[in-house]
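This report refers to the structure that appears directly beneath it.
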Amino acid sequence: MTDTQPANRPIRVRMAPSPTGPLHIGTARTSLYNYLFARHAGGTYVLRIEDTDTARSTVEYERDIIDNLHWLGITWDEGPQVAGGEDVGPYGPYRQSQRLELYAREAQRLLDSGHAYHCWCSPEELEAVRREQEANREAPRYNGRCLRLTDAERAQFEREGRRPAIRLRVPPELIRFDDLIRGEVEFDNSLLGDFVIVRANGVPLYHFVVVVDDEAMQITHVIRGEDHLSNTPKHIALMRALGYAEPRFGHIPLILNPDRSKMSKRRSQTAITAYREQGYLPEAMVNFLAFLGWSPGTEEEIFSLDQLAERFEIGDVHKGGAVFDADRLNYLNGVYIRNLTDQQLALRLRPFLPAVLDDASVLRVVPLIKERLVRLADAPELVAFLWETDAQVAALYDAELLLPRNRSAAEVAEAVARARDELGALDEADFAADVLEDRCRRAADDMGWKAGDFFRPLRVAVTGRTISPPLFGSMELLGRERVLARLETAIGVLAAAGARTA
RNA sequence: GCCCCCAUCGUCUAGAGGCCUAGGACGCCACCCUUUCAAGGUGGAGAUCACCGGUUCGAAUCCGGUUGGGGGCACCA
């Protein structure tokens, strides 16, 4: 691999989310790669909140981003540790909304040195120029009108009280850089227009503030999504104009929708919170995200965050985009769930199960559902029969549901009655899964029934469903009294159905 | 339209000139196990390595072109 370390500078990377929406899958993965890179190299990891777009930025989103980053297990050395909280680190403040004087100072410096100039063009004028360029099949870029203004024209605009934006004067030069992931990349900046760095209302723009902050925070490696690859020449032009050191850049592939377009809210579920709420484990999420565009080069696929940090090499990151494969995430989540101890799983399951189920019951439920869970939020449906009332369960009965193939309602009623008698003969202390199973198997055998056929109506009677956790474990958890009551109700339903068809 | 990036099974990927009649995983299909559903086990289908030309004794791997896909071209980030 190529040398990734600029000379004489300790490695510092950053993630710079914009609190204009909840933490996005793509941002999470970029944050993860930055984190892994920093950890692997022993560098410093900085979180900077890019909230210059005051109209769209909110504290709620900042909270969502920070909370979910923490949830994933990603930690940073500098930056706000808590949403709305105080900064940690010597290069603060770490919220761009609090760094406005710096940007103003640097913008003035560019103005003074002639690298930037005021632009009075109105949105309408710019739009007209753009349309004309499109009609002439030219590249849509600023025509440099305000660069050629006479002093009189300038004075006139100022008299009119029009507020100017500030544009960078982009030199027509070839920009070349050695991307950590893509290698040599070359752009022709003569194709770029003079872009705006500070809006007319005085608010500095993204391309400008990233560059200023990366320098101010001594960032050595800028690892970000491929969508920024084409923006890099702008950033380099800015750095040169400001006399900054150029960091190394690494552009990671995009995460794609199934149709291979850039992953979007429209086509996919993109908010990390949504996955969290459905009961995806952060460990599974991290493992999954890490492999979207990177692999250790072996056939191992289960990695903890620490193991990932140990193995991660930025040069091994792929160049091509990766489709977000929900099936694979589900599979991985299941693996992580099954790898948890019962106690650990009970703890994680707690928030997903209703309070009527006490902690001890949650722990007892775990062995019954562990192998059946894809997401934690799937748990309630699996064991709802435990807290549903007998009446609620009975409402789910349907004679059809209770009937195995080729058995009449009368026959089934008889079988269920037999089970009720067998189980009713047991006292509370003997009402355990192995005993229940033994009794029922014998009864089935005795009546000449296949065990499976005999169990089906019992399952429906007890859980209200044809699909359930193991029958006898479920019965044990439900308890003698309620099991017998439900069997009784089912017998009634079957008898009525039998009478109708007879 | 212009610029840039990318290209191995449906998907995530292994592969850095001969070990590849291309490996693994997910998904899919069988079968086994089995009280349902899962989990687990075994096996299978699935990629002429986008295409065309080179270079080479030899190319998925190197070079060029073509095609296809994606991204960027804002007083959003």
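Note on naming: letters A, B, ... go to the chains in the order of the sequence lines (proteins, then strands), and numbering restarts at 1 for each one. These figures come from a predicted structure and were not determined experimentally.
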Quiz prompt | Under-4.0 Å side-chain N/O to phosphate OP1/OP2 contact, A:His318 with B:U13 | solution = yes
Quiz prompt | Interface with RNA chain B, restricted to residues 18-34 of chain A and to heavy atoms under 4.0 Å | solution = A:Ser18
Self-check item: Short side-chain N/O contact to B:G72 OP1/OP2 from A:His207, under 4.0 Å
Solution: no
Self-check item: Spacing of the P atoms in B:U8 and B:C51 (rounded, Å)
Solution: 11 Å
Quiz item: For A:Arg199, which residues count as a salt bridge (charged side-chain N to carboxylate O under 4.0 Å, His left out) partner, sequence neighbours excluded?
Solution: none
Quiz item: What is the pairing partner of B:A7, taking Watson-Crick or G-U wobble pairs with both distances under 3.5 Å in any strand?
Solution: B:U67
Self-check item: With sequence neighbours excluded, residues passing ring-ring contact (aromatic ring centres under 6.0 Å, His included) with A:Tyr94
Solution: none
Exercise. Determine the interatomic distance between C1' on B:A47 and the same-named atom on B:C4; round to the nearest Å.
Key: 29 Å
Self-check item: ring-ring contact (aromatic ring centres under 6.0 Å, His included) pairs, two or more places apart, involving residues 250-269 of chain A
Solution: none
Quiz prompt | A:Glu313 CD to B:A16 P, straight-line distance once rounded to whole Å | solution = 17 Å
Quiz item: When the C1' atoms of B:G15 and B:G53 are considered, how many whole Å apart are they?
Solution: 24 Å
Quiz prompt | Derivation of the side chain to side chain donor-acceptor pair (under 3.5 Å) call for A:Gln269 and A:Gln278 | solution = CA-CA 11 Å; A:Gln269 186 166 68; A:Gln278 286 169 70; 2.7 Å; yes
Quiz item: With a 6.0 Å cut-off on ring centres, are A:Tyr331 and A:Phe291 close enough?
Solution: no
Quiz prompt | Short side-chain donor-acceptor distance under 3.5 Å, A:Asp53 and A:Thr20 | solution = no
Practice problem: For the side chain of A:Glu301, starting at C-beta, report the closest nucleotide among B:A25, B:A77, B:G71. | Solution: B:A25
Practice problem: Find the distance A:Asn189:CG to B:C2:P and express it as a whole number of Å. | Solution: 19 Å
Self-check item: Donor-acceptor under 3.5 Å (A:Asn34 side chain, A:Val13 main chain)
Solution: no
Quiz item: Just how far, in rounded Å, is P of B:A77 from CZ of A:Phe208?
Solution: 13 Å
Exercise. Take atom P in B:G24 and the same atom in B:U66, then report the distance between them in whole Å.
Key: 37 Å
Quiz item: Paired with B:A47 by Watson-Crick or G-U wobble geometry, both distances under 3.5 Å: which nucleotide is it?
Solution: none
Quiz item: In residues 261-269 of chain A, which ones come under 4.0 Å of RNA chain B, going by heavy atoms?
Solution: A:Ser261, A:Lys262
Quiz item: Less than 6.0 Å separating the ring centroids of A:His228 and A:Tyr206?
Solution: yes
Practice problem: Tell me, please, which residues at least two apart from A:Trp76 pass ring-ring contact (aromatic ring centres under 6.0 Å, His included). | Solution: A:His70
Exercise. Could you work out the separation of B:C57 and B:G1 based on their P atoms and round it to a whole Å?
Key: 43 Å
Practice problem: Verify, without hydrogens or angle tests, whether A:Arg418 (side chain) and A:Ala413 (backbone) share a donor-acceptor contact under 3.5 angstrom. | Solution: no
Practice problem: Find the distance A:Leu191:CG to B:C73:C1' and express it as a whole number of Å. | Solution: 10 Å
Exercise. Could you tell me whether A:Leu332 contacts a base, only the sugar-phosphate backbone, or nothing, with contacts defined as non-hydrogen atoms closer than 4.0 Å?
Key: nothing
Quiz prompt | Within 45° cone and under 6.0 Å: A:Arg29 NZ/CZ vs A:Tyr33 ring | solution = yes
Practice problem: Please tell me which of A:Arg199 and A:Arg260 maps to the more 5' nucleotide of RNA chain B, matching each residue to the nucleotide holding its nearest heavy atom. | Solution: A:Arg260
Quiz prompt | N/O donor-acceptor pair under 3.5 Å between A:Asp179 side chain and A:Glu184 backbone | solution = no
Quiz item: How far does the P atom of B:C32 sit from the matching atom of B:C20, given to the nearest Å?
Solution: 34 Å
Quiz prompt | Nucleotide B:A25, atom P - distance to CZ of A:Phe303 in whole Å | solution = 15 Å
Quiz item: B:A74 C1' sits how many Å from A:Asn231 CG, rounded?
Solution: 11 Å
Only pairs under 3.5 Å count here: list side-chain donor-acceptor contacts from residues 164-173 of chain A, not counting sequence neighbours, and write none if there are none.
{"residue": "A:Arg167", "atom": "NH1", "partner": "A:Asp194", "partner atom": "O", "Å": "2.6"}

Quiz item: Would you find a donor on one side and an acceptor on the other, under 3.5 Å apart, between the side chain of A:Asp51 and the backbone of A:Gln96?
Solution: yes
Practice problem: For a ring pair (Phe, Tyr, Trp, His ring centres under 6.0 Å) with A:Phe288, tell me which candidate from A:Phe303, A:Tyr280, A:Phe324, A:Tyr275 qualifies. | Solution: A:Phe324
Quiz item: Which letters describe nucleotides 28-45 of chain B, given B = protein heavy atom under 4.0 Å from base, S = only from sugar-phosphate, - = neither?
Solution: -------BBBBSS-----
Quiz item: So what does A:Thr232 hit on the nucleic acid, given a heavy-atom distance under 4.0 Å: a base, only sugar-phosphate, or nothing?
Solution: nothing
Exercise. Identify whether any heavy atom of A:Gly293 sits under 4.0 Å from a base atom; if not, whether one sits that close to sugar-phosphate; answer base, sugar-phosphate or nothing.
Key: sugar-phosphate
Which pairs, protein N/O on one side and nucleotides 19-22 of chain B N/O on the other, fall under 3.5 Å?
none

Quiz prompt | Any-strand Watson-Crick or G-U partner of B:A38, both distances under 3.5 Å | solution = none
Quiz item: To the nearest angstrom, how far is A:Leu289 atom CG from B:U13 atom C1'?
Solution: 16 Å
Quiz item: Do side-chain atoms of A:Ser18 reach the backbone of A:Glu50 as a donor and acceptor pair under 3.5 angstrom?
Solution: yes
Restricting both atoms to N or O, compile the protein contacts to nucleotides 4-6 of chain B shorter than 3.5 Å, with distance only.
{"residue": "B:C5", "atom": "O2'", "partner": "A:Arg182", "partner atom": "NH1", "Å": "2.5"}
{"residue": "B:C5", "atom": "O2'", "partner": "A:Glu226", "partner atom": "OE2", "Å": "3.2"}

Self-check item: ring-ring contact (aromatic ring centres under 6.0 Å, His included) against A:Phe431, all qualifying residues, sequence neighbours excluded
Solution: none
Quiz item: P atom, B:G23 versus B:C29: distance in rounded Å?
Solution: 23 Å
Quiz item: Which nucleotide sits closest to the side chain of A:Arg328: B:A14, B:A25, B:C75?
Solution: B:A25
Quiz prompt | Side-chain donor-acceptor pair present, A:Thr232, A:Arg224, cut-off under 3.5 Å | solution = yes
Practice problem: Could you state the atom-to-atom distance from CG of A:Asp227 to P of B:G72 in whole Å? | Solution: 6 Å
Self-check item: P spacing across the pair B:A22 / B:G46, given as an integer number of angstrom
Solution: 11 Å
Quiz item: Excluding sequence neighbours, so at least two apart, what forms ring-ring contact (aromatic ring centres under 6.0 Å, His included) with A:Phe385?
Solution: none
